[in-house]
Participant: 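Take a look at the following structure, please.
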Amino acid sequence: MKTPRVAPATDTPSSQDEATTGPPRPRGLRHNTRWLMVFLCFLGMTVNYVDRATISISLPYMTDDLHIGPEWQGVILSMFFVTYALGQLPAGALIDRYGEKRMFAIGGLLWSLVTVGTGFVRGIGTLLFARLALGAGEAPAYPSCAKSVSRWFPARERALANSVWDNGARAGTAVAAPVVTALIAWQGWRMAFWVTGAVALLWVALWLKTYREPTARDGLSAEERAYVTAGGARLEESPAEETAPEEPAVRWRDLFRHRTVWGMMIGFFCLNYVIYFFITWFPSYLVDARGFDLLKLGFYGALPGVVAIAGSLLGGWTSDTLLRRGWSVTRARKTCLVCGMLFSSVIAFAVLVPSAMWALALLSVSYASLAFSAASVASLPADVAPTPRHVASLGGIQNFASNLAGVLGSTTTGLLLGFFHHSFVAPLMLSGALCVVGALTYGLVVQRVEPLRLSAA
């Protein structure tokens, strides 16, 4: 008996000509609603990362109050990633089913309340619980943003749009350093959690009031709809995509049959291992290894995040420009992925320079290069999903793997610091090596960047 197949989505360009031609780009604010929607995603991710970075900046100042020994610090940082990583898998499927607006709002409400609650913790046990709950609340953020861009943007604008919301990670990290340190200096570490959690609640209200589905009556003008649809926006399921009654539905686990999916998972694991060094251990590196005080930490600690914002936008612009110039999606995406990952390996050379400023420069280049690649990483779920019903699921799958790096990276760095007497040489060398592994994975393991052809069992 012949195994039935599910054809690729009909609203995704099947050739390079379709990806680079079509109706002209609409002009005027009324015909560019999609950019407002991605800006809302950017704000959400910014608040998301401020809230998760608050613990990293506050931890050196929480240790005395909560009696946290060095052996517990890595565990506390890693607990967030346990539920955050595991939460990616159900979050992606739920977003595909119930929509990005509803699920992002639910997640935002949970993580904001947990952040406020962290300001009331009295010991290691309650702090560990708060970290687990924060990870669960923040899990829908990434796949929600990826789903939103897949529905609102044509393929030739997808990488730049993804770089916009993904820059929320850099903006949040950069904003957190001066803001959280100022709050700690003003009223202590508890105030830092109360204020950042309250800001998250304000974003949830803004999201619910302003974000619209692209299929809503007031969502798209006729001109913008024609533009994004012709360009391959995964606007909505079309009748042609529905599985025929006699064919079984494609199962979620069928996505794991493909080498490209595993390449996406491994590559993003390597990329996020290094990114999460900046989110978790970077403040401690500046304080312990380079002797920064609170004032220097607040000022210089923001620099890598600021530089990375430019790197992310450059990565999105480069990938989309290559597409418009006739490069295939495969060649454009993989070129940006491999080059960015290779350049990010300069993080390992930070251990060789005696000057703190030179080390900071190398770390900034590394972070910017990771962000350069991340714009194309965020585009892959929409590029390879067989139907719009799989975009958030694929986003959740690759983000699940990437955030295992948060669990392992935070803990591994803590263990290496303990074994090598608080030296950051081994952690930074390992990070540089994983950058090279990530480049090789995106170059050799990921195959053609095109909609997967899934066999239904």
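Below, all heavy atoms of this structure are taken into account, side chains as well, without hydrogens, waters or symmetry copies.
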Participant: Between Cys435 and Val274, is any pair of side-chain heavy atoms under 4.5 Å apart?
Facilitator: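 Side chain of Cys435 against side chain of Val274, heavy atoms only: contact under 4.5 Å found.
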
Participant: Please find the pair of heavy atoms, one from Ala350 and one from Leu428, that lie closest to each other, and give the distance.
Facilitator: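 For Ala350 versus Leu428, the nearest heavy atoms are CB-CD1, 4.2 Å.
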
Participant: Donor-acceptor pair, distance only, cut-off 3.5 Å: does the side chain of Ser431 make one with the backbone of Pro427?
Facilitator: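 Yes, Ser431 side chain to Pro427 backbone: donor-acceptor pair under 3.5 Å.
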
Participant: Working to the nearest 0.5 angstrom, can you tell me the gap between Asn167 CG and Ile309 CD1?
Facilitator: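 These two atoms lie 5.5 Å from each other.
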
Participant: Quick check: closest heavy atoms across Ala392 and Pro143, and the distance to 0.1 Å?
Facilitator: O-CB, 3.8 Å

Participant: CG of Leu434 to CD1 of Ile266: how many Å apart, nearest 0.5 Å?
Facilitator: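 Nearest 0.5 Å value for the CG-CD1 distance: 12.0 Å.
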
Participant: Measure the CD1-CG distance between Ile55 and Leu134 for me, rounded to the nearest 0.5 Å.
Facilitator: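 That separation rounds to 9.0 Å.
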
Participant: Has the side chain of Asn403 got a donor or acceptor atom that lies under 3.5 Å from a matching backbone atom of Asn399?
Facilitator: yes

Participant: Check the orientation of Phe278 and Phe282. Use parallel for under 30°, tilted for 30 to 60°, and perpendicular for over 60°.
Facilitator: tilted

Participant: Any side-chain to backbone donor/acceptor pair from Arg324 onto Arg156? Under 3.5 Å, distance only.
Facilitator: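 Judged by distance alone, yes, a pair lies under 3.5 Å.
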
Participant: Salt bridge (charged side-chain N to carboxylate O under 4.0 Å, His left out): which pairs involve residues 435-452, sequence neighbours left out?
Facilitator: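 Checked against salt bridge (charged side-chain N to carboxylate O under 4.0 Å, His left out) - neighbours excluded - the pairs reaching residues 435-452 are Arg448-Glu450.
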
Participant: Atom CD of Glu138 and atom OG of Ser112: how far apart are they, to the nearest 0.5 Å?
Facilitator: 10.0 Å

Participant: Would you indicate whether the side-chain heavy atoms of Lys334 and Tyr442 approach each other to under 4.5 Å?
Facilitator: no

Participant: What's the spacing between Leu94 CG and Leu89 CG if we round to 0.5 Å?
Facilitator: 11.0 Å

Participant: Of the non-hydrogen atoms in Ser369 and Gly340, which two are nearest, and what is the gap between them?
Facilitator: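 Reported closest heavy-atom pair: CB-O, 3.3 Å.
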
Participant: With sequence neighbours left out, what residues match Tyr142 under ring-ring contact (aromatic ring centres under 6.0 Å, His included)?
Facilitator: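 Tyr142: ring-ring contact (aromatic ring centres under 6.0 Å, His included) contacts with Trp165, Phe268.
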
Participant: Let's go through Leu452 and Val261 carefully: what are the C-alpha distance in whole Å and the side-chain angles of both, what is the deciding distance for side chain to side chain contact (heavy atoms under 4.5 Å, CB included) to 0.1 Å, and is it a yes or a no?
Facilitator: CA-CA 9 Å; Leu452 301 173; Val261 174; 3.8 Å; yes

Participant: Leu132: which residues meet the side chain to side chain contact (heavy atoms under 4.5 Å, CB included) condition with it, sequence neighbours left out?
Facilitator: Met79, Val82, Thr83

Participant: Go through the structure and list residues passing ring-ring contact (aromatic ring centres under 6.0 Å, His included) with Phe42, not counting sequence neighbours.
Facilitator: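 Phe42 satisfies ring-ring contact (aromatic ring centres under 6.0 Å, His included) with Phe39 once adjacent residues are dropped.
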
Participant: Would you check if Phe153 and Leu160 make a side-chain contact, meaning some heavy-atom pair closer than 4.5 Å?
Facilitator: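 Phe153 vs Leu160: side chains apart.
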
Participant: Quick check: closest heavy atoms across Gln88 and Ala139, and the distance to 0.1 Å?
Facilitator: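 Here Gln88 and Ala139 meet closest at NE2-O, 3.1 Å.
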
Participant: With the side chain counted from C-beta on, respond yes when Phe424 and Leu417 share a heavy-atom pair under 4.5 Å apart, and no when they do not.
Facilitator: yes

Participant: With sequence neighbours left out, what residues match Asp320 under salt bridge (Lys or Arg N to Asp or Glu O under 4.0 Å)?
Facilitator: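 Partners of Asp320 by the salt bridge (Lys or Arg N to Asp or Glu O under 4.0 Å) criterion, ordered by chain and then number, come out as Arg333.
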
Participant: Apply side chain to side chain contact (heavy atoms under 4.5 Å, CB included) to Val199 and Val50, showing your working.
Facilitator: CA-CA 10 Å; Val199 171; Val50 167; over 6 Å; no

Participant: Side-chain donor-acceptor contacts of residues 354-366 below 3.5 Å, not counting sequence neighbours, with atom names and distances?
Facilitator:
unit_1: Ser355; atom_1: OG; unit_2: Met357; atom_2: N; d: 3.2
unit_1: Ser355; atom_1: OG; unit_2: Trp358; atom_2: N; d: 3.4
unit_1: Ser364; atom_1: OG; unit_2: Leu360; atom_2: O; d: 2.8
unit_1: Ser366; atom_1: OG; unit_2: Ser344; atom_2: O; d: 2.7

Participant: Kindly say whether Val377 contributes a backbone atom to a donor-acceptor pair with the side chain of Gln398 at under 3.5 angstrom?
Facilitator: yes

Participant: Within a strict 4.5 Å, meaning less than it, do heavy atoms of the Thr441 and Trp262 side chains meet?
Facilitator: no

Participant: Could you pull out all residues at least two apart from Tyr49 that satisfy ring-ring contact (aromatic ring centres under 6.0 Å, His included)?
Facilitator: none

Participant: Without swapping roles, check the side chain of Ser345 against the backbone of Gly432 for a donor-acceptor pair under 3.5 Å.
Facilitator: no

Participant: Keeping Asp96 on the side-chain end and Ser393 on the backbone end, is there a donor-acceptor pair under 3.5 Å?
Facilitator: yes

Participant: Write out all pairs satisfying salt bridge (charged side-chain N to carboxylate O under 4.0 Å, His left out) with one or both partners inside residues 79-91, taking only residues at least two apart or from two chains.
Facilitator: none

Participant: Quick one: side chain to side chain donor-acceptor pair (under 3.5 Å) pairs with a partner in residues 201-210, sequence neighbours left out?
Facilitator: none

Participant: Within a strict 4.5 Å, meaning less than it, do heavy atoms of the Val338 and Leu342 side chains meet?
Facilitator: yes

Participant: Determine whether Ser402 and Leu271 make a side-chain contact, defined as any pair of heavy atoms from C-beta on separated by less than 4.5 Å.
Facilitator: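 No, their side chains stay 4.5 Å or more apart.
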
Participant: Where is the tightest heavy-atom contact between Met265 and Ile397, given as atom of each residue plus distance?
Facilitator: SD-CG2, 3.7 Å

Participant: Give every donor-acceptor pair under 3.5 Å between a side-chain atom in residues 98-111 and any protein atom, sequence neighbours left out.
Facilitator:
unit_1: Glu100; atom_1: OE1; unit_2: Arg151; atom_2: NH1; d: 3.2
unit_1: Glu100; atom_1: OE2; unit_2: Arg151; atom_2: NH1; d: 3.2
unit_1: Glu100; atom_1: OE2; unit_2: Tyr211; atom_2: OH; d: 2.7
unit_1: Lys101; atom_1: NZ; unit_2: Leu208; atom_2: O; d: 3.3
unit_1: Lys101; atom_1: NZ; unit_2: Tyr211; atom_2: O; d: 2.9
unit_1: Trp111; atom_1: NE1; unit_2: Asp51; atom_2: OD2; d: 2.9

Participant: Could you tell me which residues satisfy ring-ring contact (aromatic ring centres under 6.0 Å, His included) with Phe269, sequence neighbours excluded, listed by chain and number?
Facilitator: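 Per chain and number, Phe269 pairs via ring-ring contact (aromatic ring centres under 6.0 Å, His included) with no residue.
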
Participant: Do side-chain atoms of Ser319 reach the backbone of Gly315 as a donor and acceptor pair under 3.5 angstrom?
Facilitator: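 No; zero donor-acceptor contacts below 3.5 Å.
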
Participant: I need the minimum non-hydrogen distance between Ala385 and Val391, along with the two atoms involved.
Facilitator: CB-CG2, 3.8 Å

Participant: Do Ser163 and Asp166 have side-chain atoms, one donor and one acceptor, less than 3.5 Å apart?
Facilitator: no

Participant: Who passes side chain to side chain contact (heavy atoms under 4.5 Å, CB included) against Thr318, sequence neighbours left out?
Facilitator: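 So Thr318 forms a side chain to side chain contact (heavy atoms under 4.5 Å, CB included) with Leu314, Leu322, Cys336, Phe372.
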
Participant: Does some side-chain heavy atom of Val384 sit less than 4.5 Å from a side-chain heavy atom of Met264?
Facilitator: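 Yes; the side chains approach each other to less than 4.5 Å.
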
Participant: Quick one: pull up CG in Asn162 and CG in Leu380 and give me the separation to the nearest 0.5 Å.
Facilitator: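 So the CG of Asn162 and the CG of Leu380 are separated by 9.5 Å.
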
